[in-house]
Amino acid sequence: MTTLQSVYKDLIKPVMDFCVSLICFIILLPVFIPIVLILFIINKGGVFFFQKRPGKKEKIFLIIKFKTMNDNKDESGQLLSDTLRLTKFGKFLRETSLDEIPQLLNVLKGDMSIVGPRPLLPEYLPFYNEYHRRRHEVKPGITGLAQTKGRNKVKFSERFNLDVIYVTRLSFALDMVIIWNTLPKIFKGSDVVHGQTLDEVDDLGITQDLRANYSK
């Protein structure tokens, strides 16, 4: 990484992230508050979804999203499948990316950036090769280069490669291009797939390795 990139990453980008996320959060408050109230009623109190994710230098943090699924269980007390638990309002939130609004709080806390590689599960960490591990050299983002190429339809191999390309080419201009290309996808709700399994996008065999480890 060049000196100019380091200055942008370590000095300019954090200030921009804080200012932009604060302004966006204030602007979106009239949307944020009604969503909180609706989810409180629909999910009987459950408004937010918290999950551990690895951030910069693989440091674990709690990502915050609006809760788009209920907690309905089967007769044996096990949670129903994601498809059955996804509420109609939750589906709407996902299609419009409104479920991502609380991540502005992650940016304000300094755990995330507006633009960067999307944070995945910490269970994946042992299965990255050294090249793909570079995606953790920067803070994860609400949107990223891979999201402009197909969001959750992009295969793991392409997604990780795009994440590393972002790290190596990090710049203000690239961030602006990514944000500009993200906006149409949000408004159109494109490339959002419901009921998709990880096996459908995992062409690296990570989920298979995880299942094999859990079965031991």
Side-chain angles (χ1 to χ4, degrees), residues 1 5-29 31-33 35-36 39 46-69 90 93-94 96-128 132-148 151-152 154 156 159-160 162-172 174-179 181-183 185-186 198 206 210:
M1 185 170 289
Q5 284 179 311
S6 296
V7 170
Y8 176 67
K9 182 188 73 169
D10 298 328
L11 298 178
I12 301 175
K13 190 173 171 70
V15 175
M16 287 177 51
D17 282 333
F18 183 85
C19 294
V20 171
S21 59
L22 181 60
I23 293 171
C24 288
F25 188 76
I26 293 173
I27 292 174
L28 290 172
L29 266 180
V31 177
F32 184 90
I33 294 175
I35 291 176
V36 168
L39 288 177
V47 175
F48 299 106
F49 169 78
F50 299 90
Q51 192 174 54
K52 291 181 179 180
R53 298 289 176 92
K56 184 179 179 181
K57 297 182 179 179
E58 301 180 4
K59 180 181 177 182
I60 303 300
F61 71 98
L62 284 178
I63 196 171
I64 312 170
K65 291 186 178 184
F66 279 129
K67 190 173 183 180
T68 56
M69 295 188 291
L93 292 179
R94 289 188 182 185
T96 55
S97 295
L98 291 173
D99 63 318
E100 311 281 358
I101 291 178
Q103 287 172 56
L104 291 171
L105 299 175
N106 284 123
V107 179
L108 288 171
K109 287 176 58 183
D111 294 326
M112 293 181 65
S113 176
I114 297 295
V115 180
R118 285 294 296 165
L120 300 175
L121 295 173
E123 288 83 357
Y124 293 177
L125 290 175
F127 301 100
Y128 292 135
H132 291 156
R133 211 174 201 91
R134 293 197 60 194
R135 68 195 304 275
H136 293 290
E137 292 180 9
V138 299
K139 290 180 182 179
I142 296 178
T143 186
L145 186 59
Q147 282 59 54
T148 65
R151 297 176 77 170
N152 57 347
V154 180
F156 272 14
R159 185 185 306 185
F160 296 163
L162 288 169
D163 289 342
V164 178
I165 288 172
Y166 171 78
V167 172
T168 58
R169 299 180 182 176
L170 179 65
S171 68
F172 173 78
L174 180 57
D175 279 355
M176 293 302 102
V177 168
I178 291 172
I179 291 173
N181 290 335
T182 297
L183 293 177
K185 292 184 177 294
I186 292 176
L198 287 175
I206 292 178
L210 281 173

Q | With sequence neighbours excluded, residues passing side-chain contact (heavy atoms from CB on, under 4.5 Å) with T143 | A | V115, Q147, I178, T182
**Q.** By side-chain contact (heavy atoms from CB on, under 4.5 Å) - contacts of I60 (at least two apart)
**A.** K52, P54, P122
Q | Any residue meeting ring pair (Phe, Tyr, Trp, His ring centres under 6.0 Å) with Y128, in chain and number order, not counting sequence neighbours | A | H136, F160
(Q) Do K67 and V47 make a side-chain contact, defined as non-hydrogen atoms from C-beta onward lying under 4.5 Å apart? (A) no
Q) Of all residues at least two apart in sequence or in a different chain, which pass the salt bridge (charged side-chain N to carboxylate O under 4.0 Å, His left out) check with D175? A) K13
Q: May I ask you to test the I26-I23 pair for a side-chain heavy-atom distance under 4.5 Å?
A: no
Q | Residues forming a side-chain contact (heavy atoms from CB on, under 4.5 Å) with I12, sequence neighbours excluded | A | V7, Y8, M16
**Q.** Contact check, side chains of L104 and I114, non-hydrogen atoms, under 4.5 Å
**A.** yes
Q. Between R53 and P119, is there a donor-acceptor pair closer than 3.5 Å when you use the side chain of the first and the backbone of the second?
A. yes
Q | Which residues share a salt bridge (charged side-chain N to carboxylate O under 4.0 Å, His left out) with R133, sequence neighbours left out | A | E58
Q | Smallest separation among heavy atoms of I101 and V31, with atom names | A | CD1-CG1, 4.3 Å
Q) Who pairs with T68 by side chain to side chain donor-acceptor pair (under 3.5 Å), at least two apart in sequence or on another chain? A) R94
Q.
Would the distance check show the side chain of Q5 and the main-chain N or O of T168 forming a donor-acceptor pair, the cut-off being under 3.5 Å?
A. yes
(Q) Can you list everything that forms a side-chain contact (heavy atoms from CB on, under 4.5 Å) with D111? Sequence neighbours excluded, please. (A) F61, N106, K109
Q. Does F66 have any ring pair (Phe, Tyr, Trp, His ring centres under 6.0 Å) partners at least two apart in sequence or in another chain, and if so, which?
A. F32, F48
Q) Should I64 and F49 count as side-chain neighbours, where that means a heavy-atom distance under 4.5 Å? A) no
Q.
Test of understanding: with salt bridge (charged side-chain N to carboxylate O under 4.0 Å, His left out), list the residues that count as partners of K56, not counting sequence neighbours.
A. D10
(Q) Can you list everything that forms a salt bridge (charged side-chain N to carboxylate O under 4.0 Å, His left out) with R134? Sequence neighbours excluded, please. (A) E137
Q. Is a side-chain N or O of R118 found less than 3.5 angstrom from the main chain of P140, in a donor-acceptor match?
A. no
Q. With sequence neighbours left out, what residues match F50 under ring pair (Phe, Tyr, Trp, His ring centres under 6.0 Å)?
A. none
